Amino acid sequence: MRLLTHNMLSSNIKGVTNGFPLQIEAVKVVEKQVDFNPDFLKNMFSKVDWTALAAASKALGYADLPEAAGADMLDSDDFLRRFHHALLQLHLEEGALVCPETGRRFPVSKGIPNMLLHEDEV
């Protein structure tokens, strides 16, 4: 699971008011090469919750993103490459996503998060 996907997921358990961002418990992380596309990154920047992305990248062992980022940084090739690496090349292969409010663990297996809810959670 890419961090781009993680940045769009939240816990939808009944009664949860703050299900984002899901915390990451990483067991296995892999890097997969993806072609660098600065235009895509510039378009995605405004859609990404930066604080959640920076925390998620640290949870996967990548601490090269700044704590805060602004649109003025999109002119820097170095920044865009670090953003690209965190957003698209880091993959959570095995582990879990944890609801910040309930502590409910959603397993990630072979890069696929299982976000299915139990009957009593709907």
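What you see is a predicted model, and the numbers here were worked out from it, not measured in a lab.
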Could you tell me whether the side chain of [Y] reaches within less than 4.5 Å of the side chain of [X], counting heavy atoms only?
X: Gln33; Y: Gln89; value: yes
X: Asn114; Y: Val108; value: no
X: Leu22; Y: Ser11; value: yes
X: Leu3; Y: Leu53; value: yes
X: Cys99; Y: Val16; value: yes
X: Lys110; Y: Glu94; value: yes
X: Asp78; Y: Arg81; value: no
X: Phe83; Y: Trp50; value: yes

Mind listing the closest non-hydrogen atom pair of [X] and [Y] along with its distance?
X: Ala86; Y: Leu65; result: CB-CD1, 3.5 Å
X: Val34; Y: Arg2; result: CG2-NH2, 3.9 Å
X: Pro113; Y: Gly111; result: CD-O, 3.7 Å
X: Asp64; Y: Arg82; result: O-NH1, 2.7 Å
X: Phe20; Y: Pro100; result: N-CG, 4.0 Å
X: Ile24; Y: Ala56; result: CD1-CB, 3.7 Å

(request) Let me know which of Glu31, His6, Lys32 forms a side-chain contact (heavy atoms from CB on, under 4.5 Å) with Leu90. (result)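 Of Glu31, His6, Lys32, side-chain contact (heavy atoms from CB on, under 4.5 Å) with Leu90 is met by Glu31 alone.
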
(request) Among His118, Glu121, Glu101, find the one that has a side-chain contact (heavy atoms from CB on, under 4.5 Å) with Ile13. (result)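 Testing each of His118, Glu121, Glu101 against Ile13, the sole residue satisfying side-chain contact (heavy atoms from CB on, under 4.5 Å) is Glu121.
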
(request) Please indicate whether Asn43 has more than 12 foreign heavy atoms, meaning atoms of other residues, nucleotides or ligands, lying under 6.0 Å from its CG. (result)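 Counting neighbours around CG of Asn43, more than 12 heavy atoms of other residues, nucleotides or ligands fall under 6.0 Å, so yes.
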
(message) Does Lys28 have more than 12 heavy atoms from other residues, nucleotides or ligands lying within 6.0 Å of its NZ?
(response)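 No, not enclosed.
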
(message) Are Leu9 and Leu117 connected into the same hydrophobic cluster when the rule is that any two of I, L, V, M, F, W, Y join if their side-chain heavy atoms are below 4.5 Å apart?
(response)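 Yes, it is one cluster - the side chains of Leu117 and Leu9 are joined through contacts under 4.5 Å.
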
(message) Please tell me whether Met1 and Val29 are part of a single hydrophobic cluster in this structure, the criterion being side-chain heavy atoms less than 4.5 Å apart.
(response)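 The answer is yes; both residues are in one hydrophobic cluster.
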
(message) Using side-chain contact (heavy atoms from CB on, under 4.5 Å), reason through Leu74 and Phe45 one step at a time and then give a plain yes or no.
(response) CA-CA 8 Å; Leu74 295 174; Phe45 181 79; 3.9 Å; yes

So how far is it from [X] [atom1] to [Y] [atom2], rounded to the nearest 0.5 Å?
X: Asp49; Y: Asn7; atom1: CG; atom2: CG; answer: 5.5 Å
X: Asp75; Y: Leu80; atom1: CG; atom2: CG; answer: 8.0 Å
X: Leu116; Y: Asn12; atom1: CG; atom2: CG; answer: 11.5 Å
X: Ser10; Y: Met8; atom1: OG; atom2: CE; answer: 11.5 Å
X: Thr5; Y: His91; atom1: OG1; atom2: NE2; answer: 8.5 Å

(request) Mind running side-chain contact (heavy atoms from CB on, under 4.5 Å) on Leu97 and Met115 for me, showing each step along the way? (result) CA-CA 9 Å; Leu97 303 175; Met115 300 296 292; 4.2 Å; yes

(message) Tell me whether Glu25 is salt-bridged to Arg105, with the criterion being a basic N under 4.0 Å from an acidic carboxylate O.
(response)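 Judged by the 4.0 Å cut-off on N to carboxylate O distance, Glu25 and Arg105 do form a salt bridge.
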
(request) Sort out for me which residue in Phe36, Phe79, Tyr62 forms a ring-ring contact (aromatic ring centres under 6.0 Å, His included) with His85. (result)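 Of all the options given, the one that passes is Tyr62.
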
